[in-house]
Amino acid sequence: MPFDHQPHSHLYAAQTWLAAHGMSAVNAARLLGGPTAAAGVHRLIDDLRQADSLSRLARLKLAALHRLLTLEGSDQDPLPAMLPLHPGDPRVLDICLLADSLSDLLSEITPKQAVAI
């Protein structure tokens, strides 16, 4: 059976994304979810720097970050932590682009389900 490089490539893809966008993700998380959300992104960055493989938990944390960036479920939160942002605020476009980039990463690192024949 040949050695499977895919798990390592998924980790590398996540590490590369966080190296390029980590501080933007921290800032967006702070803006949208407060200091606790920002601290969670910092922990994720640190955890993935030291990881040997991309765990299911790390994927779930990346997906949770994506939900925060896209404000998924924010209408259910009675007191949103985010600052009031006007749609024309340049930070809104930056957060949307960050969310799109993270969506691409999640598509790349999400395990494909086996197709039954």
Side-chain angles (χ1 to χ4, degrees):
M1 176 178 236
F3 182 74
D4 184 10
H5 292 282
Q6 191 170 0
H8 297 292
S9 66
H10 289 174
L11 174 62
Y12 180 72
Q15 289 171 329
T16 301
W17 189 89
L18 286 169
H21 304 289
M23 288 315 300
S24 295
V26 168
N27 292 333
R30 179 173 287 111
L31 183 65
L32 299 173
T36 302
V41 177
H42 272 296
R43 279 191 305 277
L44 178 62
I45 292 168
D46 290 341
D47 291 347
L48 285 180
R49 277 187 188 140
Q50 300 173 18
D52 293 330
S53 63
L54 186 62
S55 68
R56 182 174 182 271
L57 179 60
R59 283 188 184 93
L60 291 173
K61 288 180 179 182
L62 288 166
L65 174 59
H66 185 261
R67 285 191 302 279
L68 176 64
L69 295 176
T70 58
L71 301 177
E72 186 179 315
S74 66
D75 55 340
Q76 299 167 1
D77 190 1
L79 297 171
M82 64 181 243
L83 297 173
L85 289 175
H86 185 275
D89 188 318
R91 294 175 294 181
V92 172
L93 177 59
D94 291 342
I95 292 169
C96 289
L97 293 172
L98 186 64
D100 288 346
S101 175
L102 182 53
S103 178
D104 292 343
L105 172 68
L106 290 170
S107 295
E108 180 182 340
I109 65 173
T110 301
K112 309 295 183 241
Q113 299 298 324
V115 177
I117 299 177

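Along the sequence shown, residues carry numbers from 1. Since we're looking at a predicted model, the values are computed, not measured.
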Quiz item: Is it true that L32 and V92 fall in one hydrophobic cluster, defined by side-chain heavy atoms closer than 4.5 Å?
Solution: yes
Quiz prompt | Donor-acceptor under 3.5 Å (R59 side chain, L54 main chain) | solution = yes
Quiz item: Closest approach of L69 and A99, non-hydrogen atoms and distance?
Solution: CB-CB, 3.9 Å
Quiz item: Which atom pair, heavy atoms only, marks the closest approach of L65 to A25?
Solution: CD2-CB, 4.0 Å
Practice problem: Kindly indicate whether the side chain of I45, heavy atoms from C-beta on, has any atom under 4.5 Å from the side chain of V41. | Solution: yes
Quiz item: What is the minimum heavy-atom distance between I109 and A13, and which atoms define it?
Solution: CG2-CB, 4.2 Å
Quiz item: Counting distance only, does the side-chain N/O of S107 pair as donor-acceptor with the main-chain N or O of S103 below 3.5 Å?
Solution: yes
Quiz item: L106 and H66: which non-hydrogen atoms are nearest, and at how many Å?
Solution: CD1-CB, 3.7 Å
Practice problem: Please report the shortest heavy-atom distance between L11 and A51, naming the atom on each side. | Solution: CD2-O, 3.5 Å
Quiz prompt | Distance-minimising heavy-atom pair for A14 and L62 | solution = CB-CD1, 4.3 Å
Exercise. Please lay out, stage by stage, how H10 and Q15 fare under the test side chain to side chain contact (heavy atoms under 4.5 Å, CB included).
Key: CA-CA 9 Å; H10 289 174; Q15 289 171 329; over 6 Å; no
Exercise. State, yes or no, whether a side-chain contact exists between D47 and L57 at a heavy-atom distance under 4.5 Å.
Key: no
Quiz item: Roughly how far apart are I95 CD1 and L102 CG, rounded to 0.5 Å?
Solution: 13.0 Å
Self-check item: Side-chain touch R56/K61, heavy atoms, less than 4.5 angstrom
Solution: no
Quiz prompt | Residues D94 and R91 bridged, charged N to O under 4.0 Å | solution = no
Practice problem: Kindly compute the distance separating CG (L105) from OG1 (T110), expressed to the nearest 0.5 Å. | Solution: 8.0 Å
Self-check item: Check: Y12 main-chain N/O paired with T16 side-chain donor or acceptor under 3.5 Å
Solution: yes
